[in-house]
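Everything on this sheet refers to the single structure shown next.
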Amino acid sequence: MLDIQIIRDNPEKVIEKSRQKGYDVAEAVKRLLEVDVERRGGLTQVEELRAQRNELSSQMKGSKPSPEQLELGKALKESITELEERLKPLEAEFETLLKIIPNMPLDSVPVGLTEEENVVIRSHAAQPTFDFEPRNHWEIAEMRGWIDKDRAAKIAGARFAYLKGDLVRLEMALWMYGVDVLTDEEQLQNIIIANGLDGVSAKAFTPVIPPAVARTEVFQATGRLNKEDQTYKLEDEDLWLNASAEHTMAPMYMNEILPEAELPIRLVGYTTAFRREAGTYGKDTEGIFRLHQFNKLEMESFGTKETSLNEHLFMVAIQEYLMASLGLPFRVLEKCTADIGRPNAKGVDIDTWMPGQQQYRETHTADYITDYQARPMKTRVRRSDGVTELVHTNDATVFSERPLIAIVENFQTADGHVVVPEVLRPYMGGRQQI
RNA sequence: GGAAGGGUGUCCGAGCGGUUUAAGGAAACGGUCUUGAAAACCGUCGUGCCGGCAACGGUACCGUGGGUUCGAAUCCCACCCCUUCCGCCA
C-alpha cells in the first residue's frame with residue numbers, strides 16, 4: 001500500500017499517475033480522503049477519553065477508589081466503547097481503500113490502457129528461418145510423447161498436463177542452469193559491467209525452495225490476493241496455493257527489521273505455481289502455455305530505496321543474459337501503466353518468439369515495487385545511522401516452463417527433434433539433441 | 001492426533017491486576033581515557049498512529065482476536081505458532 005501521507009498531500013498526483021483498468025482510482029482516492037478525515041476526528045475524540053481514563057486510573061492507584069471515581073470510570077468506559085464501535089467500520093473501510101490504491105508509476109512508464117501500449121525497448125536475435133514448416137510445441141510433443149493432457153484431464157481436469165521423457169530432463173536442466181548463473185558472482189559481475197550498472201552488488205542469490213502455500217493474512221500483505229478468483233484456496237484451511245515463489249518469498253521477512261549490512265538479500269526460489277486462470281476459457285488450450293500448474297524459478301530481493309531501481313534493472317539484465325545465452329529470439333518491453341500490477345511502480349516483460357505459433361509470447365516479467373509491499377508486510381531495514389525505514393522489494397522471473405516451449409519451437413528439426421542449447425548440454429549428459 | 005511447557009523491545013530475559021513512562025543484561029551509537037585498540041566508566045538507545053513548523057504532547061502496541069474490570073503484559077475464552085515427549089508417516 002501507499003503511504004497515506006503521500007495520498008493526503010498529493011491526491012491529484014496519485015490519481016493522475018495511476019491510470020489502471022478495471023476500477024476507478026479517482027473515486028477510491030476521494031472516498032479514502034473522506035474516510036480519513038472522519039476517522040481522524042473520531043480517533044482524536046477516543047484518545048482524549050482514553051487520556052482521561054488513564055489520568056483517573058493513576059489517581060486511584062494509591063488509595064481505595066471513591067464511589068465518585070468508580071462512577072466516572074464507568075461513564076468513561078461506556079463513552080469509549082461507543083466511540084470505538086463507531087470508529088471500527090471507518091478503520092475497516094480506510095484499510096480496504098488504502099489497499100486498492102495502486103502504486104504510483106515512475107514518470108518513465110508509458111501511459112496506456114491496454115497491454116498493446118507496452119513499448120518495445122530492445123530486441124535480441126533474429127527470428128530463425130526454417131527450410132520446412134515449423135511445428136507448434138504441442139505438435140512436436142505429440143510426435144515425441146512429451147505431453148499427455150488427455151490422461152491429465154482424467155486425473156485433474158482441463159489445463160493440467162503430464163510432462164514426460166526428455167522434455168522433463170530439459171526442464172530440469174533449465175532450473176540447474178538458472179541457479180548456477182545466479183549463484184556465480186563472477187558471472188553476475190560480468191552482467192553488471194556489461195550493462196553499465198556500476199555500484200550494483202554482485203552478491204550471489206541464495207537458492208530457496210519455499211512453502212507453496214501462504215495464509216490469507218500473508219497473501220494479502222504481498223498485495224497479490226487482489227483477484228481471489230485467480231488463486232486456489234485450500235478447503236478447511238486458511239491457506240492459499242502460491243501462484244509464484246514470489247508470493248511466499250516476499251513475505252519471508254514480515255514484521256522483521258533487517259540490519260542494512262545484510263542487504264541486499266537475494267533469493268532464487270523454485271516452486272510449483274498454481275493459477276485458476278478464470279476467464280481464460282478457450283484461450284491457449286493447446287500445449288502447455290497456460291496451465292493451472294507449472295514450475296517456475298523466481299528472483300526476489302530486498303534492498304534500500306537507493307539501490308532498488310538498479311536492482312530491478314539488474315534483474316532484467318540477468319533475464320536478458322540468460323535468454324540470449326540460450327540463443328532465443330526475444331524482445332524486452334517496458335510495460336504501460338495499465339499492464340503493470342497494482343504493487344508496481346514500473347515493470348518489464350520479455351516476450352519470446354515462438355515460430356510454431358508465429359508470434360511473440362510473454363515468458364518473463366520483472367517487477368519494480370518500491371516500498372509498496374514492504375509497508376503492509378512491515379519489513380524494514382535499520383540503516384547504519386540507526387534509522388529504520390521500509391525495505392524495497394524486487395522480483396523477476398528466471399525461468400518458467402514457457403521458455404521450454406520457446407526452446408522446443410525455435411530449435412526444432414525437420415524430423416521433430418530439438419537441438420539442445422549449448423549452455424544446457426552439461427546438464428543433459430552432453431547430449432546435443434533430444 | 002495425544003500430553004506438557006512456552007510465545008515480552010535488535011537479541012537474551014524479568015514481570016503474573018493500578019509504583020510498567022516494561023527491570024536487568026547484551027548488541028549498537030556518542031563520549032572520556034589511550035600512541036592505537038581492548039577493557040573500564042559516562043551518556044543515548046522500540047514501533048505505529050493523532051496533533052504541532054518544531055521542541056514536544058497524546059494514544060496504542062508484551063503471538064492474534066474476543067471477554068472480565070474503574071483499570072490488563074498480568075485474569076478468562078478461542079485460535080495461531082514454537083519446544084519436548086508419545087503416536088503416525090514421505
Side-chain angles (χ1 to χ4, degrees), chain A residues 1-9 32-99 101 209-221 225 233-240 248 251-263 265 271-272 302 304 371-391:
Chain A
M1 58 177 81
L2 283 178
D3 185 351
I4 181 65
Q5 202 57 51
I6 289 173
I7 304 175
R8 278 182 200 142
D9 294 344
L32 176 68
L33 292 177
E34 286 169 11
V35 172
D36 184 43
V37 170
E38 276 186 72
R39 171 186 151 268
R40 280 194 280 172
L43 206 54
T44 306
Q45 286 181 49
V46 175
E47 289 188 354
E48 262 167 34
L49 288 172
R50 283 177 186 154
Q52 286 179 40
R53 181 186 65 189
N54 291 345
E55 168 63 23
L56 179 68
S57 186
S58 69
Q59 282 172 21
M60 281 193 235
K61 68 188 158 192
S63 52
K64 274 250 190 282
S66 70
E68 292 77 31
Q69 286 178 319
L70 286 180
E71 199 61 36
L72 179 58
K74 280 184 187 174
L76 279 173
K77 179 185 174 181
E78 275 179 36
S79 312
I80 289 170
T81 308
E82 192 193 319
L83 268 172
E84 281 175 342
E85 285 305 317
R86 265 197 274 158
L87 213 50
K88 257 187 202 168
L90 283 175
E91 294 279 10
E93 191 178 0
F94 178 77
E95 286 292 319
T96 307
L97 287 166
L98 199 51
K99 279 180 188 156
I101 315 250
I209 297 181
V213 299
R215 302 171 194 279
T216 304
E217 180 198 357
V218 174
F219 229 124
Q220 278 174 342
L225 201 57
K233 170 101 166 43
L234 294 186
E235 199 179 7
D236 298 330
E237 302 284 344
D238 180 34
L239 293 172
W240 302 75
T248 38
M252 215 171 145
Y253 300 98
M254 240 174 119
N255 299 317
E256 292 189 42
I257 299 175
L258 307 163
E260 184 174 1
E262 284 183 18
L263 302 181
I265 292 176
T271 190
T272 301
F302 304 85
T304 63
D371 59 7
Y372 191 91
Q373 272 187 333
R375 186 165 290 106
M377 294 193 301
K378 297 188 178 64
T379 302
R380 288 158 294 173
V381 50
R382 187 178 307 285
R383 302 301 296 256
S384 47
D385 60 4
V387 173
T388 60
E389 63 185 29
L390 295 165
V391 300

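Just so we're on the same page: letters track the sequence lines, and every chain starts at 1.
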Practice item. For B:rG48 and B:rA54, measure between their P atoms and round to the nearest Å. Key: 16 Å
Review point. In residues 42-55 of chain A, which ones come under 4.0 Å of RNA chain B, going by heavy atoms?
Key: A:Leu43, A:Thr44, A:Glu47, A:Arg50, A:Ala51, A:Arg53, A:Asn54
Point to revise | Nearest-Å distance for atom pair CD/P, residues A:Gln5 and B:rG48 | key: 13 Å
Review point. If we take the P atom in both B:rU68 and B:rG9, what is their distance in whole Å?
Key: 28 Å
Practice item. Would you kindly give the CG-to-P distance between A:Leu390 and B:rG48, to the nearest whole Å? Key: 8 Å
**Study point:** Proximal nucleotide (of B:rC50, B:rU10, B:rG71) relative to the A:Lys77 side chain
**Key:** B:rG71
Point to revise | Value in whole Å for how far the P atom of B:rC29 lies from CD of A:Glu260 | key: 13 Å
Point to revise | Sequence-distant partners of A:Glu71, side-chain contact (heavy atoms from CB on, under 4.5 Å), two or more places apart | key: none
Check your understanding: Can you name the nearest heavy-atom pair linking A:Ser79 to A:Leu49, along with the distance?
Key -> CB-CD1, 3.8 Å
Exercise for review: Can you sort out the partners of A:Lys77 under salt bridge (charged side-chain N to carboxylate O under 4.0 Å, His left out), two or more places apart, ordered by chain and number?
Suggested key: none
**Study point:** Of the listed nucleotides B:rC70, B:rG51, B:rG66, the one nearest the side chain of A:Lys88
**Key:** B:rG66
Check your understanding: Going from CD on A:Glu34 to CG on A:Leu90, what distance comes out if it is rounded to the nearest 0.5 angstrom?
Key -> 11.0 Å
Review point. Expressed as a whole number of Å, how far does the C1' atom of B:rC61 sit from that of B:rA73?
Key: 10 Å
Review point. Between A:Ile257 and A:Asp36, who's closer to the 5' end of RNA chain B by nearest nucleotide?
Key: A:Ile257
Practice item. Write down the atom of A:Thr271, the atom of A:Ala212, and the distance for their closest heavy-atom approach. Key: OG1-CB, 3.8 Å
Check your understanding: Would you call A:Arg39 and A:Glu91 a salt bridge, using N to O less than 4.0 angstrom?
Key -> yes
Point to revise | Gap in Å between the two P atoms, one belonging to B:rA23 and one to B:rU8, rounded | key: 16 Å
Exercise for review: Provide the distance between the two P atoms, one in B:rG63 and one in B:rA14, to the nearest whole Å.
Suggested key: 14 Å
Practice item. Any chance you could measure A:Asn54, atom CG, to A:Glu47, atom CD, to the nearest 0.5 Å? Key: 10.5 Å
Review point. So do the side chains of A:Val381 and A:Ile257 get within less than 4.5 Å of each other, counting heavy atoms only?
Key: no
Check your understanding: Mind checking the P distance from B:rG58 to B:rG65? Whole angstroms is fine.
Key -> 25 Å
Exercise for review: List the steps, then state whether side-chain contact (heavy atoms from CB on, under 4.5 Å) holds for A:Leu32 with A:Ile4.
Suggested key: CA-CA 9 Å; A:Leu32 176 68; A:Ile4 181 65; 3.9 Å; yes
Exercise for review: Check the distance between B:rU69's P and A:Leu56's CG and give it to me in whole angstrom.
Suggested key: 16 Å
**Study point:** Protein-nucleotide distance (A:Lys378, atom NZ; B:rG46, atom C1'), rounded to Å
**Key:** 15 Å
Show the distances under 3.5 angstrom between N or O atoms of the protein and N or O atoms of nucleotides 77-80 of chain B.
{"residue": "B:rC80", "atom": "O2'", "partner": "A:Arg215", "partner atom": "NH2", "Å": "3.1"}

Point to revise | P atoms of B:rG13 and B:rG6, separation to the nearest Å | key: 13 Å
Point to revise | Integer angstrom distance from the C1' of B:rC62 to that of B:rC56 | key: 26 Å
Exercise for review: Rounded to the nearest 0.5 Å, what's the gap from CD on A:Glu38 to CD on A:Glu93? Could you check?
Suggested key: 8.0 Å
Point to revise | Dot-bracket encoding of pairs in RNA chain B, which uses [ ] for pseudoknotted crossings and | for another strand, Watson-Crick or G-U under 3.5 angstrom | key: ((((((((.[[[..)..(.....]]].(((((.......))))).((((((....)))))).[[[[[..)....]]]]])))))))....
Check your understanding: Roughly, in whole Å, what's the span from CD in A:Glu85 to P in B:rG66?
Key -> 10 Å
**Study point:** Nearest-Å distance for atom pair CG/C1', residues A:Asp3 and B:rC49
**Key:** 12 Å
Practice item. Report yes if a side-chain nitrogen or oxygen of A:Arg40 is closer than 4.0 Å to either non-bridging phosphate oxygen (OP1 or OP2) of B:rG58; otherwise report no. Key: no
Practice item. Could you pull out all residues at least two apart from A:Glu82 that satisfy side-chain hydrogen bond (donor to acceptor under 3.5 Å, both in side chains)? Key: none
Practice item. Enter the distance from A:Asp36:CG to A:Phe94:CZ here, rounded to the nearest 0.5 Å. Key: 5.0 Å
Check your understanding: For RNA chain B, whose closest nucleotide is more 5', that of A:Ile4 or that of A:Arg382?
Key -> A:Arg382
Exercise for review: Identify the two heavy atoms, one from A:Thr248 and one from A:Ala214, that lie closest to each other, and give their separation to 0.1 Å.
Suggested key: CG2-CB, 4.1 Å
Check your understanding: What's the CD1-P distance between A:Ile7 and B:rC49, to the nearest Å?
Key -> 13 Å
Review point. Nearest to the side chain of A:Ser57 - B:rG18, B:rU10, B:rC70?
Key: B:rG18
